[in-house]
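Notes follow the structure.
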Amino acid sequence: MTDWSFDVGKILWLIFSKEVAILLVFSYLMIIVWKYQYFKQRGIKTPKYRFICGNYFDLIRNKSESENVYKWTMQLGKTFGYFEGHSPVLVTSDLDIIQEVFIRQFSNFSARKKNPMEGADSREFNHLMRSSNCRWKRMRSIMNPTFSKQKLEKMNPLLNECIDRLIFKIRNNIISELKIPEAFKKLTMDSLWKCTYGIDLNIQNKPCNEYFKASEKIFADAYKFKFIKLLSIFFPEFDFLWIFFTNFQNEIKKRIGLASEPKVFIINEFHKTLKERISNNQEYRKDYMQLLIDSLDDDEKLIKKYDHLNINEIKDIHLEKKLTLNEIKANLKMFMLAGYESTSFALSFCFHMLAIKKNEQETLYNEIEDFFSNESTVPDIQSVNRLPYLDMFCKEILRFYPISRVARRCVKQTTVKGINMTPGLIVRIDHFAIHFDPVLWGPIDPKEFFPLRHKVARNPLSFLAFGLGPRICLGMKFALSQMKLALVKCLLKFEIESTNETPKFLEFSEGILRTAINDFQIRFNPRTDKN
């Protein structure tokens with residue numbers, strides 16, 4: 001009798017459990033169906049989407065995300081929606097909406113778009129780019145002075161030394177031809193470590209440098225297909241599981257002696273330098289790393305007391321300009337990865353343009369040569385920023401070759417131009433539609449490279465190379481100064497020429513950034529009167 005009762009109870013439990021599981025799955029699927037009504041409820045057009053995956057596979061087709069979004073804009077108009085999995089993304093090239101989201105109502109859109117498996121904004125290892133609300137404001141207030149005018153001036157000799165290493169390498173290259181993307185990646189990483197962390201790795205002269213290899217692997221991984229990444233995109237509600245599985249997998253690899261994740265390697269290396277600086281109690285140059293160290297505090301509860309609040313809710317509250325040790329390590333990694341690849345490709349685009357458009361090179365060289373003809377004037381961060389055509393040339397490169405996407409995440413329900421926007425909604429700018437809009441960038445065809453178009457005052461919302469609003473790129477001044485100084489010093493020494501390996505048109509692929517897939521070469525011919 002007892003055995004029979006047990007069997008019935010077991011059978012009833014199995015039936016009940018199965019029914020509960022079916023009910024939970026059904027409920028979750030109904031939630032997904034309901035989320036697909038998001039744009040329909042607001043009268044906003046969308047391209048045709050598929051259940052579960054939404055528009056994701058159409059978005060990444062041919063690894064040309066920005067071009068695919070631009071095609072949708074041409075079909076659906078300035079403002080439309082699409083779904084990554086079942087997560088809604090509002091795309092716009094309407095300047096009124098952009099003004100509201102990125103500037104006027106910034107406090108309601110203070111977060112960036114999340115990457116797969118990023119987890120909550122409150123995660124301990126989140127850095128500036130992954131933070132929102134008052135946590136972002138606390139971090140940004142500490143980092144803002146990094147590239148002040150005074151600090152940039154102090155970086156002059158360090159940045160010059162790194163560029164001189166590149167020039168030395170070109171001079172000693174027997175065939176005077178250089179693989180441009182790789183050379184500039186090493187230059188920008190060399191200068192970032194030296195100028196912002198006070199560490200001279202001399203990466204340009206060490207082809208097998210482990211820091212460079214680790215950074216390259218991080219960006220290469222962003223282009224690789226990962227099934228768990230798809231799970232995070234299609235089922236973001238279970239991110240805690242996908243994060244757990246990924247961490248568990250990395251821990252197993254570590255225990256059996258396989259190579260650790262490159263991000264872990266970089267963070268660990270930063271930690272060694274941090275410990276050394278903190279324990280030495282020496283006075284270091286006030287670089288980016290030292291600014292973060294000076295803000296170190298162990299009282300985590302006090303530091304994070306107001307992190308969850310909306311920026312508008314702290315008018316009479318003093319935010320502590322302090323960071324935890326884990327936040328410092330995360331922000332050190334963030335700045336290096338965010339800065340080196342984007343600037344290196346911008347420089348690559350500059351030199352490719354000079355190689356294929358000799359008239360641009362001649363115009364630029366004449367301005368540089370004329371300005372620096374007086375031997376008392378030397379190329380430095382201050383002097384290169386006084387060259388108008390150089391400034392227009394660099395801005396036109398960044399307009400013509402958009403590198404990074406610009407998006408914000410809603411953190412507080414609000415209405416923008418009649419559209420009800422709820423927390424979690426991503427608002428993404430179609431930067432192609434903006435950068436190639438003939439109304440904003442005419443009368444010369446925006447699809448033509450024409451630096452002089454920047455001589456005319458344009459709507460400030462129409463130039464998106466560094467983002468917009470309070471979350472504009474922290475390293476903007478440093479990146480532009482590095483580009484200009486490298487161009488000036490190289491053009492004073494060399495004439496740039498294309499080779500048989502120099503493509504007339506660049507081809508692109510998108511992962512974290514939109515970058516050229518061509519590993520092209522150009523020739524540097526020494527100017528006889530300048531060497």
Side-chain angles (χ1 to χ4, degrees), residues 112 127-131 136-163 184-185 187-201 215 270 273 277 283-296 321 323 327-347 350 379-387 390-391 394-395 397-398 403-404 406 460 463-489 513:
R112 285 182 181 265
H127 47 64
L128 179 73
M129 291 178 71
R130 290 183 177 179
S131 298
W136 170 83
K137 187 175 178 66
R138 170 171 60 85
M139 290 184 181
R140 182 76 185 220
S141 65
I142 293 167
M143 299 174 201
N144 271 336
T146 305
F147 299 108
S148 65
K149 184 179 178 182
Q150 294 76 15
K151 284 190 169 60
L152 279 173
E153 287 176 2
K154 291 179 181 178
M155 292 178 188
N156 258 322
L158 305 175
L159 193 51
N160 263 303
E161 184 180 348
C162 292
I163 295 170
F184 286 124
K185 282 179 185 179
L187 167 65
T188 52
M189 184 172 283
D190 215 10
S191 58
L192 271 172
W193 280 92
K194 197 172 179 67
C195 295
T196 59
Y197 305 127
I199 303 170
D200 188 5
L201 294 178
S215 302
F270 275 135
T273 308
R277 279 205 186 190
E283 185 156 339
Y284 290 90
R285 183 173 61 85
K286 290 290 183 182
D287 52 25
Y288 176 67
M289 179 179 280
Q290 196 58 43
L291 277 174
L292 301 189
I293 291 172
D294 290 345
S295 67
L296 176 63
K321 289 189 177 183
L323 297 170
E327 285 177 338
I328 290 175
K329 288 193 284 186
N331 279 295
L332 288 172
K333 179 204 74 174
M334 175 274 297
F335 193 78
M336 190 270 290
L337 294 176
Y340 106 93
E341 179 120 319
S342 53
T343 308
S344 68
F345 271 103
L347 269 170
C350 286
D380 59 25
I381 290 173
Q382 290 72 40
S383 60
V384 299
N385 280 309
R386 296 201 297 269
L387 297 169
L390 175 63
D391 184 64
C394 290
K395 286 178 178 175
I397 285 287
L398 295 169
I403 295 174
S404 58
V406 185
F463 185 69
L464 304 167
F466 297 100
L468 291 171
R471 287 198 79 138
I472 197 167
C473 175
L474 180 69
M476 175 180 66
K477 292 179 182 177
F478 180 73
L480 279 172
S481 296
Q482 187 177 21
M483 285 173 65
K484 292 176 182 180
L485 193 56
L487 282 164
V488 166
K489 297 197 77 168
L513 302 170

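- Here the straight-line distance linking atom NZ of K137 with atom NZ of K321 works out to 9.5 Å at 0.5 Å rounding.
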Inset, instruction - In sequence, state the C-alpha distance, the side-chain angles, and the governing distance for L332 and H127, and then conclude on side-chain contact (heavy atoms from CB on, under 4.5 Å). - result: CA-CA 9 Å; L332 288 172; H127 47 64; over 6 Å; no
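- Between A465 and S404 the shortest heavy-atom distance is O-OG, 4.0 Å.
- Looking at heavy atoms from C-beta onward, Q382 lies in side-chain contact with N156 at the 4.5 angstrom threshold.
- A heavy-atom distance below 4.5 Å is found between the side chains of L323 and R138.
- If you take CE on M289 and CG on L291, they are separated by 11.5 Å, rounding to the nearest 0.5 Å.
- The side-chain heavy atoms of L485 and P379, taken from C-beta on, include a pair separated by under 4.5 Å.
- F478 contributes atom CZ, which lies 7.0 Å from atom CZ of F335 (distance to the nearest 0.5 angstrom).
- Residues K185 and E341 meet the side-chain proximity criterion, which asks for heavy atoms closer than 4.5 Å.
- Here CG of N331 is found 8.5 Å from CD1 of I142. Values are rounded to the nearest 0.5 Å.
- With hydrogens and angles disregarded, no donor-acceptor distance shorter than 3.5 Å links the side chain of R130 to the backbone of R112.
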Inset, instruction - Take L187 and S344 through the test side-chain contact (heavy atoms from CB on, under 4.5 Å) and record every step on the way to the result. - result: CA-CA 8 Å; L187 167 65; S344 68; over 6 Å; no
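- Counting only distance, with no hydrogens or angles, the side chain of Y288 and the backbone of L192 share no donor-acceptor pair below 3.5 Å.
- Across all their heavy atoms, Y197 and R277 have their closest contact at O-NH2, 2.8 Å.
- L487 has its side chain out of reach of V384: every pair of non-hydrogen atoms, C-beta onward, lies at least 4.5 Å apart.
- Between D200 and W193, the closest side-chain pair of non-hydrogen atoms is not below 4.5 Å.
- Residues K154 and D287 have side chains not in contact (no heavy-atom distance under 4.5 Å, counting atoms from C-beta outward).
- Among all heavy-atom pairs drawn from D190 and L201, the shortest one is OD1-C, 4.2 Å.
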Inset, instruction - In sequence, state the C-alpha distance, the side-chain angles, and the governing distance for L480 and N385, and then conclude on side-chain contact (heavy atoms from CB on, under 4.5 Å). - result: CA-CA 9 Å; L480 279 172; N385 280 309; 5.5 Å; no
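- Remark: I381 CD1 to F147 CZ distance equals 9.5 Å, nearest 0.5 Å.
- Rounding to the nearest 0.5 Å gives a distance of 12.0 Å between NZ of K151 and NZ of K477.
- Using a 4.5 Å cut-off on side-chain heavy atoms (C-beta onward), K484 and L387 make no contact.
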